[in-house]
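Residue numbering restarts at 1 for every chain, and letters A, B, ... go by the order of the sequence lines. What you see is a predicted model, and the numbers here were worked out from it, not measured in a lab.
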2 protein chains.
Amino acid sequence: MTTFELTPVGVGLGVDGGPVGSTGACCSPLVTEPMDAARAERLAASFKALADPTRLRLLSIVAKSEGEEACVCDLIEPVGLSQPTVSHHLKILTTAGFLERSKRGTWAYYRLVPGALDRMSQLLADA
Amino acid sequence: MTTFELTPVGVGLGVDGGPVGSTGACCSPLVTEPMDAARAERLAASFKALADPTRLRLLSIVAKSEGEEACVCDLIEPVGLSQPTVSHHLKILTTAGFLERSKRGTWAYYRLVPGALDRMSQLLADA
DNA sequence: ACTGGACATCGACGAACTTCGATATGTCGG
DNA sequence: CCGACATATCGAAGTTCGTCGATGTCCAGT
């Protein structure tokens with residue numbers, strides 16, 4: 001597992017419409033800088049955390065829960081998967097910076113990290 | 001391959017802060033509807049197309065290219081992968097609705113589909 | 001202390017993904 | 001028509017991912 005990134009970092013796709021030296025037909029050699037591999041890797045890790053239907057549903061359920069938080073037991077039945085699997089997905093979302101965990105008593109409550117999704121939104125908008 | 005979706009469809013994560021019948025401690029049985037499986041599947045498919053560093057770099061390069069379009073030969077060298085691999089990624093991005101292809105002569109030119117990324121941005125913002 | 005419950009971790013299996021070389025398709029110039 | 005080139009498609013190999021059952025850990029009652 002390529003170890004998901006800690007937090008979604010803000011970076012655009014890097015558009016600026018700057019004129020590039022136009023070669024006649026094709027294959028102009030200078031694209032200056034596209035998007036460095038490291039940045040692409042981090043961004044992809046964030047999107048990867050969102051690239052699963054179960055995880056999107058988990059985010060949705062947490063978001064619409066009272067107090068904007070939900071414990072694992074609230075999440076197992078709606079998604080229809082085993083408890084270890086749900087726990088696994090929640091860990092991925094937490095490691096990626098979209099959820100935060102707070103344990104109270106026997107239960108573990110998950111809630112949305114305030115600006116996380118908005119930051120991803122901004123990334124795509126700036127593209 | 002789970003056949004990527006045709007176009008990113010607009011759907012929010014479904015937040016509305018509505019009060020749910022509060023059971024005493026935990027595990028309230030009624031979450032009404034989180035996000036139907038089909039919607040989650042489509043959204044996840046779109047994110048999956050963005051969940052790869054190479055594809056993000058391809059989008060970036062295309063976006064900052066002159067005329068906002070680039071042929072495959074422009075893309076192979078920057079990402080440092082084989083031509084079949086680049087072609088493969090471009091197909092995924094095209095099938096997902098982020099790129100469109102137009103063949104002129106021997107070359108295939110790819111450009112961003114106008115509202116595609118913005119639509120994804122909106123999805124996350126509405127969450 | 002012991003039992004029961006909530007959650008996390010581990011190990012394993014099948015499916016999906018990324019990548020490549022080889023090959024097919026299609027286009028232009030001679 | 002033929003050879004050179006730009007892309008796409010086709011297996012195949014290696015890796016990653018999603019899922020589960022079994023197990024470990026921690027907390028609250030009795």
What integer distance in Å separates [X]:[atom1] from [N]:[atom2]?
| X | N | atom1 | atom2 | answer |
| --- | --- | --- | --- | --- |
| A/Leu50 | D/dC17 | CG | P | 14 Å |
| B/Leu75 | D/dA8 | CG | C1' | 15 Å |
| B/Leu90 | D/dA8 | CG | C1' | 11 Å |
| B/Ile92 | C/dC17 | CD1 | C1' | 8 Å |
| B/Lys103 | C/dG26 | NZ | P | 8 Å |
| A/Trp107 | C/dG4 | CH2 | P | 18 Å |

Rounded to 10°, tell me the angle between the two end axes of the helix from C/dA1-D/dT30 to C/dT27-D/dA4, each built from five pairs.
20°
Can you check whether A/Tyr110 has a side-chain N or O nearer than 4.0 Å to OP1 or OP2 of C/dA8?
yes
I want to check one thing: is the phosphate of D/dT7, taken as OP1 and OP2, less than 4.0 Å away from some side-chain N or O of B/Arg101?
no
Sequence neighbours excluded, which residues qualify as side chain to side chain contact (heavy atoms under 4.5 Å, CB included) partners of A/Ala70?
A/Val62, A/Ser65, A/Asp74, A/Leu75
By side-chain hydrogen bond (donor to acceptor under 3.5 Å, both in side chains), which residues pair with [X], not counting sequence neighbours?
| X | value |
| --- | --- |
| A/Thr106 | none |
| B/Thr85 | B/Ser82 |
| B/Ser121 | A/Ser121 |

Using a 4.0 Å heavy-atom cut-off across all strands, classify B/Lys91 as base, sugar-phosphate, or nothing.
sugar-phosphate
Starting at [atom1] of [X], measure out to [atom2] of [Y] and round the result to the nearest 0.5 Å.
| X | Y | atom1 | atom2 | value |
| --- | --- | --- | --- | --- |
| B/Leu59 | B/Thr54 | CG | OG1 | 11.0 Å |
| A/Asp52 | B/Leu43 | CG | CG | 11.5 Å |
| A/His89 | A/Arg57 | NE2 | CZ | 11.0 Å |
| A/Ile92 | A/Lys48 | CD1 | NZ | 10.5 Å |

B/Ile76 with B/Leu56, same ILVMFWY side-chain cluster at under 4.5 Å:
yes
I'd like a table of atom pairs between the protein and nucleotides 28-30 of chain D - only N or O on both sides, under 3.5 Å - with the distance next to each one.
none

For residues 85-109 of chain B, which residue pairs qualify under salt bridge (charged side-chain N to carboxylate O under 4.0 Å, His left out), counting only residues two or more places apart or in two chains?
B/Glu69-B/Arg104
Is there a donor-acceptor contact under 3.5 Å from the side chain of B/Thr94 to the main chain of B/Leu90?
yes
Of the candidate nucleotides D/dG18, C/dT18, D/dT9, which contains the atom at the shortest distance from the side chain of B/Arg55?
C/dT18
Please write out the pairs of protein N or O atoms and N or O atoms of nucleotides 19-21 of chain D separated by less than 3.5 Å, giving the distance to one decimal.
{"unit_1": "D/dT19", "atom_1": "OP2", "unit_2": "A/His89", "atom_2": "NE2", "d": "2.5"}
{"unit_1": "D/dC20", "atom_1": "OP2", "unit_2": "A/Ser82", "atom_2": "N", "d": "2.9"}
{"unit_1": "D/dC20", "atom_1": "OP2", "unit_2": "A/Ser82", "atom_2": "OG", "d": "3.0"}
{"unit_1": "D/dC20", "atom_1": "OP2", "unit_2": "A/Thr85", "atom_2": "OG1", "d": "2.8"}

